[in-house]
Amino acid sequence: MKQKLTQQEQVRRQKMQDLIDMGIDPFGRRFDRDARCGQITEEYDRYTKEELEKLDVHVTIAGRIMRKRRQGKAGFMNIQDVTGDIQIYVRKDELGDEMYEIFKKNDIGDIVGIEGTVMKTDHGQLSVRAKEYTHLAKSLRPLPEKFHGLQDTEERYRRRYVDLIMNPEAKKIALTRPRIIRAIQEYLDGQGLMEVETPVLQPILGGAAARPFVTHHNALNMDFYLRIATELPLKRLIVGGLEGVYEIGRLFRNEGMDATHNPEFTTVEAYVAYSDLHGMMDLIEGMFRFVSEKVLGTNVITYQGTQLDLSKPFKRITMCDAVKEKTGIDFKQEMSFEDAKKLAAEHDIELEQKHNSVGHIISLFFEKYCEETIEQPTFVYEYPIEISPLAKKNVDDPRFTDRYELFICGHEYANAFSELNDPIDQKERFEKQLELRDLGDDEANEVDTDYVEALEYGMPPTGGVGLGIDRFVMLLTDQRTIREVLLFPHMKLVGDSKAAKRANAATSAPVEKIDFSKVEIEPLFKEYVDFDTFSKSDFRAVKILDCVAVPKSKKLLQFTLDDGTDTHRTILSGIHTYYEPEDLIGKTAIAIVNLPPRKMMGIDSCGMLLSAIHKEAGEEKLHLLLVDDHIPAGAKLY
């Protein structure tokens, strides 16, 4: 298929051909450097122009052209490498006619090599005076306009390579992330733990409550899960006598995507023999301090406007005490399930069939009233046994377990246990999980008989903890969404690629014959609304730029909309039961845009998206009103 080229792309291809005609390979070959742009700035910017002339520093550098200006027989350009950028001063009388002609053929985005001397201009700008110019790679596509880069958030994530070129903040995060991981390894190694690797493909679903990805192993002719946790294999190693182990690895959970969740993510899990819940508190608290000091040089950080002092002792509070602080309800008192259900109803907490115990209701109270109010680092511990199938029972109150989660700024960062090492209790807990699966909880664990057998050989009292590295990187780099700290977040396929066509074919259902015989609709309104009143409602077409699940809400989606103005509009809609956020990005919807802002979960919702609702066989159905994408944002409906 013939590629359609813009005028700029045609010009660049002609320049590529000109290079070929000159005997220059437009895509170059090996080039040996002895310096980096940022290093030159760091070492030599303090010198004066005269001092640099005396030093006569020779460097060989390479990078991408980001800016360029030429005047007659001289010119300036800035080249960028991973450490930063530096100005290059080019003169025809120094390069010679042939190399200067190659310089004239370059474009912004081309990659070049420069040999020259470090200097300062009359204006005091640190530069490299080019003595040798080598073309290394031709850029056949123009970069985005330098002051704006990629403005579309989706495009930034989809074309991350361009984002890294144009956005210094994106590059800074990319460089900071591995430093954080190295610091975690250094800390845990210093604590006497050993780094290990365990299989990604697992025959049994276990170690966490999550929906899995399933794949098929052809040689064994059996299905495997992509692991949802590294917990159970690591604890087998504790049984085997390794005493202190950790693994940094990818986990896979077949769930929705939002500001803090990606289906593929990285964690570190650590297990220490002869430790417990409180030992894991000390371990993680020490890790946060060590890593922030190592990577950022400080323990005082700011996350989304909130200052956090990681050097101060982290608060420690039980889940029941946290709920009591916010609601006055003391769930530590003996309470029947019926009494707990009444309290839930009084506090507008919806129960599902799987919420079949007081423990589940305590957890729902905590989610509603406590989680998002926690700002400073806080260990919340003593979780109900029903939601902690792998944690040890609390000695003083067996209704609860020795488990904690670390919360900061309303988000959970770490999950830890005094590990359950009683094989009889563990087997009973697994069997209880099977009951939950029968009640519709598709995140419940399966029975791992081999793991129970391992426990029967004897596992010492053990503390275990898991930390989400992606969220930890978000915290230390002050990023609101997980996509900013992943180089390649999961995105829907677009365009004309075969993979995109396969994905579209898989999601495009064949034309179906719709049976409306069981549909019930609301009675039509009998009262008339005068035309003037109706015409005051401003109905507009809006483009869905972004859509994320609202944290701590099972129903709400937060939409970022283009309504045809210069300002993006935020509207919240309770339709998460019917749609996943990523399915709506890029669609065109209809909204009323002149309603007063209404606070929902602390967020101003400025308008209302229109949906069509009906009942079918007694079940409510909802369809967001989506229209032809040819309709522009801001188009008014009459």
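Remember, predicted model here, so these are calculated numbers, not experimental data.
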Side chain proximity check, [X] to [Y], heavy atoms < 4.5 angstrom:
X      : Y      : answer
Gln80  : Lys171 : yes
Val59  : Thr117 : no
Tyr413 : Leu467 : yes

Can you pull the salt bridge (Lys or Arg N to Asp or Glu O under 4.0 Å) pairs that have at least one residue in residues 283-307, sequence neighbours excluded?
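Pairs touching residues 283-307 that pass the test: Glu186-Lys294, Glu285-Arg289, Glu285-Arg316.
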Can you list every salt bridge (Lys or Arg N to Asp or Glu O under 4.0 Å) pair that touches residues 104-118, not counting sequence neighbours?
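Qualifying pairs, neighbours excluded: Lys15-Asp107, Asp18-Lys105, Glu101-Lys104, Asp107-Lys138, Asp110-Lys138.
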Can you list everything that forms a side-chain hydrogen bond (donor to acceptor under 3.5 Å, both in side chains) with [X]? Sequence neighbours excluded, please.
X      : answer
Gln8   : none
Glu264 : Arg250, His490
Thr298 : none

Identify, with sequence neighbours excluded, every residue that meets ring pair (Phe, Tyr, Trp, His ring centres under 6.0 Å) alongside [X].
X      : value
Phe407 : Phe366
Phe103 : Tyr100, Tyr133
Tyr187 : Phe290
Phe472 : Phe288

When rounded to the nearest 0.5 Å, the distance separating CZ of Arg471 from CD1 of Ile408 is 11.5 Å
Non-neighbouring partners of [X] that pass side chain to side chain contact (heavy atoms under 4.5 Å, CB included), sequence neighbours left out:
X      : result
Leu201 : Thr215, Phe224, Leu226
Ala174 : Leu164, Leu487
Asn167 : Arg156, Asp163, Glu169, Ala170

Check this for me: does any side-chain nitrogen of one of [X] and [Y] sit under 4.0 Å from a carboxylate oxygen of the other?
X      : Y      : answer
Arg129 : Glu53  : no
Arg540 : Asp563 : no
Asp56  : Lys54  : no

Can you confirm whether Lys587 is buried at NZ, in the sense that more than 12 heavy atoms of other residues, nucleotides or ligands lie under 6.0 Å from that atom?
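No, the 6.0 Å shell around NZ holds no more than 12 heavy atoms from other groups.
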